[in-house]
Amino acid sequence: MPSANAILVDDVYKAYRSGTNVTWALRGVSLSVGRGSFVSIMGPSGSGKTTLLNIIGLLDRPTKGKVYIDGVDTFRLSDRELAEFRNKKIGFVFQTFNLINRLTVLENIELPLVARGMPKEERRKLAVDALLKAAGDVSWLSKRPNQLSGGQQQRVAIARAIVGSPTIVLADEPTGNLDTASARTVIKTFTELNKLGQTIVMITHNPEVAHCTQIIYAMRDGRIVGTIDPDPGKCLINQ
């Protein structure tokens, strides 16, 4: 894999079996994402977007094909190695935030670092720095997620995704549960992180969000069927 790529998906297929029935969620997907890129994937429900994101995120293995992350052939990793590699290389942002309400904002952001066994003082410093990057406001640190707005919760989720300095951030419909103003703020956050060199791959149904990225991949029936050059004038944060 060329060193310029953060992600290389090579002829990936994914089948789900139920008895004698086989459903092909992905049908020969190939995709390369350069380091420091901000790309989006669009397509109708059932087109394979989330399956592809889960395979890139090493949450699922392909039935056939290869996935390289940061130059590493992930097929060669054991389940334990895969979990450790995922923790270090990939951050996740979800539509429903996936924050834990019994924990404070600080404790939520720290979670990926707890899994690494990092000392408390070190991880707390990194958590504060991550929230500054994602939100510019550390006054939320002692609050619980349910005390924050949806947009604030999503920025906490972004801070959690970047706290371990991953190579890649994967975002699955990150603005899907937000109003327009909050969505605009979240996309501005992603844009600023990308300017700092963060690689971001985002699934979205919203064209106004997709047009804020550097390239749009169109999916249908388990395949990437083409690319769309974004129009900055249609980007949500420019409206």
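Just so it is clear, the values below take in all heavy atoms, side chains as well, and ignore hydrogens, waters and symmetry mates.
For residues 126-148, the pairs satisfying salt bridge (Lys or Arg N to Asp or Glu O under 4.0 Å) are K125-D129, with sequence neighbours left out. Applying the salt bridge (Lys or Arg N to Asp or Glu O under 4.0 Å) test to residues at least two apart or on different chains, the pairs with a partner in residues 5-27 are K14-D60. Within the structure, the disulfide (SG to SG under 2.5 Å) test picks out no pair touching residues 135-186 (sequence neighbours left out). Listed by first then second residue, pairs satisfying salt bridge (Lys or Arg N to Asp or Glu O under 4.0 Å) with a partner in residues 161-179 number zero, not counting sequence neighbours. Residue pairs meeting the salt bridge (Lys or Arg N to Asp or Glu O under 4.0 Å) criterion with at least one partner in residues 217-226, sequence neighbours excluded, are absent.
Taking CD of Q198 as the start and CZ of F38 as the end, the distance is 10.5 Å to the nearest 0.5 Å. Note that CG of N5 is 10.0 Å distant from CG of D70, once rounded to the nearest 0.5 Å. Once rounded to the nearest 0.5 Å, the distance linking NE2 of H205 with OG of S40 reads 12.5 Å. From E107, atom CD reaches atom OG1 of T104 across 3.5 Å, with rounding to the nearest 0.5 Å. Distance check, rounded to the nearest 0.5 Å: CG of L59 to OG1 of T51 gives 11.5 Å. R155 contributes atom CZ, which lies 7.5 Å from atom OG of S182 (distance to the nearest 0.5 angstrom).
Under the 4.5 Å side-chain contact rule for hydrophobic residues, M202 and F94 do not share a cluster. Cluster annotation: V186 and F92 are assigned to distinct hydrophobic clusters (Ile/Leu/Val/Met/Phe/Trp/Tyr, side-chain heavy-atom contacts under 4.5 Å, transitive). Hydrophobic clustering of Ile, Leu, Val, Met, Phe, Trp and Tyr side chains at less than 4.5 Å, counting indirect connections, keeps F75 apart from L58. Note on L236 and L193: same hydrophobic cluster, where clusters join Ile, Leu, Val, Met, Phe, Trp and Tyr whose side-chain heavy atoms are under 4.5 Å apart, directly or indirectly. Residues I215 and I187 do not share a hydrophobic cluster, defined by chaining ILVMFWY side chains whose heavy atoms lie under 4.5 Å apart.
Distance alone, capped at 3.5 Å, places no donor-acceptor pair between the Q95 side chain and the P174 backbone. R123 places a side-chain N or O within donor-acceptor distance of the main-chain N or O of M118, the cut-off being under 3.5 Å. Put simply, the side chain of Q154 never gets that close to the backbone of L178: no donor and acceptor are under 3.5 Å apart. In terms of modelled atom types and a separation under 3.5 Å, the side chain of H211 and the main chain of K234 share no donor-acceptor contact. A donor-acceptor pair under 3.5 Å is formed between the side chain of T199 and the backbone N or O of G36. Here the side chain of K49 pairs no donor or acceptor atom with the backbone of G222 at under 3.5 angstrom. The backbone N or O of R160 sits nowhere less than 3.5 Å from a side-chain atom of N108 that would complete a donor-acceptor pair. Under the 3.5 Å distance criterion, the side-chain polar atoms of T213 are left unmatched by any main-chain donor or acceptor of V209. The backbone N or O of A15 lies less than 3.5 Å from a partner atom in the side chain of T63, making a donor-acceptor pair.
Between I41 and I224, every side-chain heavy-atom pair lies at or beyond the 4.5 Å cut-off. A heavy-atom distance below 4.5 Å is not found between the side chains of I90 and T167. For the pair I200 and V93, the minimum side-chain heavy-atom distance is 4.5 Å or more. Side-chain contact between P166 and K89 is absent, with no heavy atoms from C-beta onward closer than 4.5 Å. Taking 4.5 Å as the limit, some side-chain heavy atom of L148 sits within range of a side-chain heavy atom of W140. At least one side-chain heavy atom of V39 sits under 4.5 Å from a side-chain heavy atom of Y217. In this structure, the side chains of V67 and I69 come closer than 4.5 Å at one or more pairs of heavy atoms. Side-chain contact between N87 and R116: present, with at least one pair of heavy atoms (C-beta onward) separated by less than 4.5 Å.
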* Assess whether salt bridge (Lys or Arg N to Asp or Glu O under 4.0 Å) is satisfied between R80 and E84, documenting all intermediate values. => CA-CA 6 Å; R80 180 176 178 177; E84 293 175 353; 3.7 Å; yes
* Stepwise, does the side chain to side chain contact (heavy atoms under 4.5 Å, CB included) test hold for V12 with S30? -> CA-CA 7 Å; V12 160; S30 294; over 6 Å; no
* To do: Start with the C-alpha gap between M219 and L26, add the side-chain angles, then the distance that decides, and say whether side chain to side chain contact (heavy atoms under 4.5 Å, CB included) holds.
  => CA-CA 10 Å; M219 285 197 74; L26 297 177; 3.9 Å; yes
* To do: For V156 and L99, run side chain to side chain contact (heavy atoms under 4.5 Å, CB included): C-alpha distance rounded to whole Å, both residues' side-chain angles, the deciding distance at 0.1 Å, then the answer.
  => CA-CA 8 Å; V156 171; L99 300 174; 4.0 Å; yes
* Asked: Can you check side chain to side chain contact (heavy atoms under 4.5 Å, CB included) on F85 and V72, steps first, answer last?
  -> CA-CA 10 Å; F85 186 78; V72 174; 3.8 Å; yes
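The side chain to side chain donor-acceptor pair (under 3.5 Å) test applied to R184 returns no partner, not counting sequence neighbours. Partners of S149 by side chain to side chain donor-acceptor pair (under 3.5 Å), not counting sequence neighbours, listed by chain and number: Q152. Residues meeting the side chain to side chain donor-acceptor pair (under 3.5 Å) test with T204, sequence neighbours left out: none. For K120, there are no side chain to side chain donor-acceptor pair (under 3.5 Å) partners at least two apart in sequence or on another chain.
In the hydrophobic clustering, where aliphatic and aromatic side chains (Ile, Leu, Val, Met, Phe, Trp, Tyr) are joined below 4.5 Å either directly or transitively, Y13 groups with V22, W24. Cluster note: V114 groups with no other residue, as no ILVMFWY side-chain heavy atom lies under 4.5 Å from it. Listed by chain and number, the hydrophobic cluster partners of I228 are M42, I216, where partners are ILVMFWY side chains within reach of under 4.5 Å, directly or through others.
Under the side-chain contact (heavy atoms from CB on, under 4.5 Å) test applied with I109, the options I158, V163, I162 reduce to a single match, V163.
The number of heavy atoms from other shown groups lying within 6.0 Å of OH (Y16) is above 12. Heavy atoms of other residues, nucleotides or ligands lying less than 6.0 angstrom from CG of N146 number more than 12.
In this structure, P62 and I55 approach most closely via the heavy-atom pair CA-CD1, 4.0 Å.
Using a cutoff of 4.0 Å between basic side-chain nitrogens and carboxylate oxygens, E110 and R124 are scored as salt-bridged. D79 and R61 are joined by a salt bridge, as a carboxylate oxygen and a charged side-chain nitrogen come within less than 4.0 angstrom of each other.
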